[in-house]
Amino acid sequence: MTEGTTSAAAEGADALTRLEQEGEIAADYLEGLLDIADLDGDIDMDVEADRASVSIISDAGTRDLQKLVGRDGEVLEALQELTRLAVHRETGDRSRLMLDVAGYRAQKRTELSELGAKAAAEARSTGEPVKLKPMSPFERKVVHDAVKAAGLSSESEGEEPQRFVVVLPA
């Protein structure tokens, strides 16, 4: 191995270790929160797409955990931000950690990918831009990725919280 590849491998290992540490800090924070709220749930940690990913899952059903998701994922978004702040407090670094509760984000990602593909197909067939409803940053990112995978481009327009995706024809 050359010095450059050794250095790159070391940097990659350091980044992975840092992301695993973020996941552990987040898991500790969330376990404490679950205890306080008297909710049952297991914590699953992973590293996906260069960011720590933490999921709260439950064998006893997801009904209790739905309280942590809230209407349209609003509570989940707030909980993710609080968890990121807890990680920041411990590490001093800004976290891009993703939190999922009871598979909500995974299901939402599937639905949004389908929406992005349909919007891309519509833009391609009509030759007109397709404007979608306002979405959270997470939702827009998933749609942008789906549109890109379909071979078209998209952009976000508007101001939060009314920011939305526009799928552009070829």
Side-chain angles (χ1 to χ4, degrees), residues 11-120 132-150 154 156 158-165 167:
E11 286 177 18
D14 288 347
L16 180 61
T17 301
R18 183 180 50 78
L19 293 173
E20 288 172 344
Q21 178 189 17
E22 281 187 23
E24 289 173 16
I25 293 167
D28 290 343
Y29 175 78
L30 292 166
E31 284 175 358
L33 183 83
L34 289 173
D35 287 343
I36 291 168
D38 196 27
L39 295 172
D40 290 327
D42 294 322
I43 308 293
D44 184 35
M45 297 178 295
D46 200 0
V47 174
E48 299 174 1
D50 296 331
R51 59 171 58 182
S53 174
V54 179
S55 300
I56 301 174
I57 53 178
S58 175
D59 293 335
T62 59
R63 191 171 174 99
D64 280 349
L65 292 182
Q66 289 303 317
K67 297 173 186 174
L68 297 178
V69 174
R71 185 173 51 102
D72 296 328
E74 290 173 340
V75 175
L76 174 57
E77 289 288 334
L79 186 57
Q80 175 176 277
E81 200 54 40
L82 288 171
T83 305
R84 286 176 174 176
L85 288 171
V87 170
H88 177 73
R89 183 183 67 225
E90 291 288 322
T91 65
D93 295 325
R94 182 178 176 275
S95 174
R96 296 178 51 233
L97 174 131
M98 287 296 294
L99 176 63
D100 193 4
V101 175
Y104 176 82
R105 279 199 202 273
Q107 179 183 353
K108 194 75 169 168
R109 184 176 281 121
T110 300
E111 293 169 3
L112 291 165
S113 292
E114 291 172 4
L115 175 67
K118 286 178 184 175
L132 302 176
K133 66 179 179 62
M135 299 178 189
S136 70
F138 160 75
E139 294 169 329
R140 290 193 310 269
K141 170 77 168 103
V142 173
V143 171
H144 286 305
D145 290 347
V147 170
K148 184 177 180 179
S154 57
S156 293
E159 298 293 323
E160 293 292 351
Q162 296 300 313
R163 202 154 166 78
F164 59 94
V165 173
V167 180

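Along the sequence shown, residues are numbered consecutively beginning with 1. When reading the values below, keep in mind they use all heavy atoms of this one structure, side chains included, and skip hydrogens, waters and symmetry mates.
For residues 85-105, the side-chain hydrogen bond (donor to acceptor under 3.5 Å, both in side chains) pairs, not counting sequence neighbours, are Glu22-Ser95, Glu77-Arg105, Gln80-Arg105. Sorted pairs that involve residues 42-52 and meet side-chain hydrogen bond (donor to acceptor under 3.5 Å, both in side chains), not counting sequence neighbours, are lacking altogether.
With sequence neighbours excluded, the residues forming a side chain to side chain contact (heavy atoms under 4.5 Å, CB included) with Pro137 are Arg140, Glu160, listed by chain and number. By the side-chain hydrogen bond (donor to acceptor under 3.5 Å, both in side chains) test, Ser53 is found to be paired with no residue, residues two or more places apart in sequence or in another chain being considered. Here Glu74 pairs with Arg71 under the salt bridge (Lys or Arg N to Asp or Glu O under 4.0 Å) rule; sequence neighbours left out. Taking the side chain to side chain contact (heavy atoms under 4.5 Å, CB included) definition, one finds that Gln107 meets it with Glu111, sequence neighbours left out. Residues meeting the side chain to side chain contact (heavy atoms under 4.5 Å, CB included) test with Val75, sequence neighbours left out: none. Legend: residues meeting salt bridge (Lys or Arg N to Asp or Glu O under 4.0 Å) with Glu81, ordered by chain and number and at least two apart, are Arg84. In this structure Lys148 satisfies the side-chain hydrogen bond (donor to acceptor under 3.5 Å, both in side chains) test with no other residue, sequence neighbours excluded.
Between atom CG of residue Leu76 and atom CE of residue Met98 there is a gap of 8.0 Å, rounded to the nearest 0.5 Å. Taking OG1 of Thr83 as the reference point, atom CD1 of Ile56 lies at 7.0 Å (rounded to 0.5 Å).
Put simply, the side chain of Met45 does not reach to within 4.5 Å of the side chain of Glu20, judged on heavy atoms. Inter-residue side-chain proximity for Leu132 and Val143 is flagged as met; some heavy-atom pair is nearer than 4.5 Å. In this structure the side chain of Val47 reaches within 4.5 angstrom of the side chain of Leu16, judged on heavy atoms.
Between Val101 and Leu65, the shortest heavy-atom contact is CG1-O, 3.5 Å. Nearest approach of Val167 to Ser154, heavy atoms of both residues: CA-CB, 4.1 Å. Taking every heavy atom of both residues into account, Gln66 and Ala102 meet most closely at NE2-CB, 3.9 Å. Closest heavy-atom contact between Gly41 and Ser58: CA-CB, 4.4 Å. Between Pro134 and Pro161, the shortest heavy-atom contact is CB-O, 3.8 Å.
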Just list the side-chain donor-acceptor pairs under 3.5 Å for residues 25-34, sequence neighbours left out, or say none.
none

What pairs of donor and acceptor atoms, side-chain ones from residues 112-119 against any protein atom, are under 3.5 angstrom apart with sequence neighbours left out?
unit_1, atom_1, unit_2, atom_2, d
Ser113, OG, Arg109, O, 2.9

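Residue Asp14 places its CG atom among more than 12 non-hydrogen atoms of other residues, nucleotides or ligands, all under 6.0 Å distant.
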